[in-house]
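What follows is a set of notes on a single structure, which appears directly below.
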Amino acid sequence: MATDSWALAVDEQEAAAESLSNLHLKEEKIKPDANGNLKTNVISFKDRAAQSLLNKLIRSNLVDNTNQVEVLQRDPNSPLYSVKSFEELRLKPQLLQGVYAMGFNRPSKIQENALPLMLAEPPQNLIAQSQSGTGKTAAFVLAMLSQVEPTNKYPQCLCLSPTYELALQTGKVIEQMGKFYPALKLAYAVRGNKLERGQKISEQIVIGTPGTVLDWCSKLKFIDPKKIKVFVLDEADVMIATQGHQDQSIRIQRMLPRNCQMLLFSATFEDSVWKFAQKVVPDPNVIKLKREEETLDTIKQYYVLCSSRDEKFQALCNLYGAITIAQAMIFCHTRKTASWLAAELSKEGHQVALLSGEMMVEQRAAVIERFREGKEKVLVTTNVCARGIDVEQVSVVINFDLPVDKDGNPDNETYLHRIGRTGRFGKRGLAVNMVDSKHSMNILNRIQEHFNKKIERLDTDDLDEIEKIAN
DNA sequence: AAAAAAT
């Protein structure tokens, strides 16, 4: 019996290897490795049939899909190529120096494939999807820095972020990587950064949030959008989702010249957003890095069953000791709940920090800085911090309220983004969901079904169990 | 509901 199925598998493998190598655009053929697995890093598909064949093979475990990168090229006839080192990219020396100064030795999986496309002549448009912590930011920062001409004193690269905190974080990467360009300057187009009227800005790179950038480009004319060469949308799915910053992002995009390079990056793309992205970006190249399952594998997910908000609060207090071993983020649905929770926790003598959009930007910058430095162990926040915020010591994410969209349906994307704040760089992480009603239990079940990953019950009165999860 | 915003 066992022999039979093995024989069948070999048969299938041979057939699969043959069909795949026929469809493969690269010269190198896919061959089974010593264990008989078909391994491949880069695959371009001629058509749908090829893609569905590969998906079938992955499902039947005939192809190893760890770190698999899928690339759909705008011009399928041009050779598809990836780089294994930064030297191969022929970057300007100052830029290469910046890359190494940041401690990057070799390109990450997404960078191997995205960089050659982004740096090609003429510039190529790109829609890229890859998990957080895989080097997206560095990838598009590199693309911007390699196109910028520091001697020209006007904005040439424009990057949009969905939140103030993320703009600051990405700005830091730009500053670090570009520090060997003596004349290079970066401007932050964010709320509260007020400039004199009639002024034109001389910074070559602008990073900002949609509203302010739009004002700077249109009404206030601080930026001449016609001179932008590279346009980056970070967390692109929020930026172009109807419920997100779609209006402003699209209005900005329309002001850019036709030959402006467009780069869209996100960890998740819901179907409708994905379709929209391909409509908005002319002739896009598409890169997807499939690692969703791997991320969820390194994060243990639990839920705590309560019957009211106060019970959730009590359960949280029981957990407090365990979560402060490293750093933790606690997510609430509204700003009001967040500030209430932060105040209640303080009353109980637990030190926590609060961050939400209703606070002043200066205060927000100070809080995120303290959290980054580890001076604050626990951050109570809203969806403002659900995406992209990168603090390595975060090992616990608590959903005090489960993520739901405006219709009250489970928001799977946000769930994945939130718990993705932990378990970064392959580290282990812990996610605890607070359930306080039949309704929220139903939402949790639907999230569980969506990701097909068991979320286990946790009893916060059982100290042994808390001890267990904390270690 | 949150975020963005020189409204």
Side-chain angles (χ1 to χ4, degrees), chain A residues 158-171 187-201 206-223 232-253 266 268 270 273 309 329-342 354-365 367-368 379-389 399-418 421 434 436-437 439-440 443:
Chain A
L158 181 59
C159 177
L160 288 190
S161 296
T163 65
Y164 171 70
E165 284 76 13
L166 199 55
L168 291 189
Q169 180 177 286
T170 308
Y188 289 89
V190 292
R191 176 156 64 184
N193 191 358
K194 303 208 168 163
L195 274 66
E196 234 170 87
R197 276 198 185 271
Q199 198 184 330
K200 279 260 186 277
I201 62 168
V206 178
I207 174 138
T209 41
T212 311
V213 170
L214 183 60
D215 281 347
W216 284 23
C217 285
S218 54
K219 207 168 55 193
L220 303 167
K221 300 220 181 329
F222 294 152
I223 300 174
V232 179
L233 274 183
D234 195 8
E235 299 298 341
D237 58 339
V238 211
M239 303 303 276
I240 58 175
T242 330
Q243 283 304 318
H245 304 89
Q246 194 187 67
D247 272 21
Q248 291 168 327
S249 302
I250 297 304
R251 279 176 64 195
I252 294 165
Q253 189 230 353
S266 183
T268 54
E270 197 222 323
V273 177
R309 190 171 80 163
M329 292 173 92
I330 304 175
F331 287 97
C332 302
H333 193 221
T334 65
R335 302 163 165 193
K336 223 177 121 192
T337 311
S339 64
W340 167 83
L341 182 60
L354 171 67
L355 183 57
S356 89
E358 71 187 349
M359 292 158 59
M360 307 276 284
V361 278
E362 296 81 9
Q363 212 180 345
R364 288 169 67 170
V367 169
I368 197 80
L379 186 67
V380 179
T381 186
T382 62
N383 274 343
V384 70
C385 286
R387 289 159 178 267
I389 297 302
N399 286 320
F400 191 78
D401 299 311
L402 297 177
V404 290
D405 63 19
K406 63 164 190 0
D407 306 316
N409 290 316
D411 185 346
N412 298 312
E413 262 75 40
T414 302
Y415 182 82
L416 186 63
H417 278 286
R418 280 185 183 181
R421 295 312 96 218
M434 304 277 198
D436 64 356
S437 62
H439 176 69
S440 56
I443 286 169

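Below, chain A is the first sequence line, B the second, and so on; all start at residue 1.
One finds the OG1 atom of A/Thr170 at 11.0 Å from the CG atom of A/Leu160 (value rounded to the nearest 0.5 Å).
As a whole-Å value, the separation of A/His333 NE2 from B/dA3 C1' is 12 Å. Atom CD of A/Glu358 is separated from atom P of B/dA3 by 8 Å (rounded to the nearest Å). One interatomic measurement links the two molecules: CE of A/Met359 to P of B/dA3, which rounds to 11 Å at whole-angstrom precision. As a whole-Å value, the separation of A/Met360 CE from B/dA3 P is 15 Å. Between A/Leu214 atom CG and B/dA5 atom C1' there is a gap of 9 Å when expressed in whole angstrom units. The CG atom of A/Asn383 sits 12 Å away from the P atom of B/dA4 (whole-angstrom rounding). Rounding to whole angstrom units, NZ of residue A/Lys219 and C1' of B/dT7 are separated by 6 Å. Rounding to whole angstrom units, CG of residue A/Leu402 and C1' of B/dA1 are separated by 14 Å.
Look at A/Thr382 and you'll find a side-chain N or O under 4.0 angstrom from OP1 or OP2 of B/dA3. Residue A/Thr209 places at least one side-chain N or O closer than 4.0 Å to OP1 or OP2 of B/dA5. For A/Arg364, no side-chain nitrogen or oxygen approaches OP1 or OP2 of B/dA3 to under 4.0 Å.
Among the protein residues, A/Phe222 comes within range of the nucleic acid bases, having at least one heavy atom under 4.0 Å from a base atom. Using a 4.0 Å heavy-atom distance criterion, A/Leu195 is classed as a base contact. A/Gln243 comes within 4.0 angstrom of a base, heavy atoms only.
When the nucleotides B/dA5, B/dA3, B/dA1 are ranked by their closest atom to the side chain of A/Arg191, B/dA5 comes out on top. You'll find that the side chain of A/Asp215 is closest to B/dA5, out of B/dA5, B/dA3, B/dT7. The side chain of A/Thr212 has B/dA5 as its nearest neighbour among B/dA2, B/dA5, B/dA3. Comparing B/dA1, B/dA4, B/dA2 by their closest approach to the side chain of A/Arg335 singles out B/dA2.
In this structure the side chain of A/Met239 never reaches within 4.5 angstrom of the side chain of A/Gln248, judged on heavy atoms.
Every ring pair (Phe, Tyr, Trp, His ring centres under 6.0 Å) that A/Tyr415 has, sequence neighbours left out, goes to A/Phe451. Under the rule for a ring pair (Phe, Tyr, Trp, His ring centres under 6.0 Å), the partners of A/Phe222 that lie at least two apart in sequence or sit in another chain are A/Trp216.
Across all non-hydrogen atoms, the minimal contact from A/Ala365 to A/Tyr164 is CB-OH, 3.5 Å.
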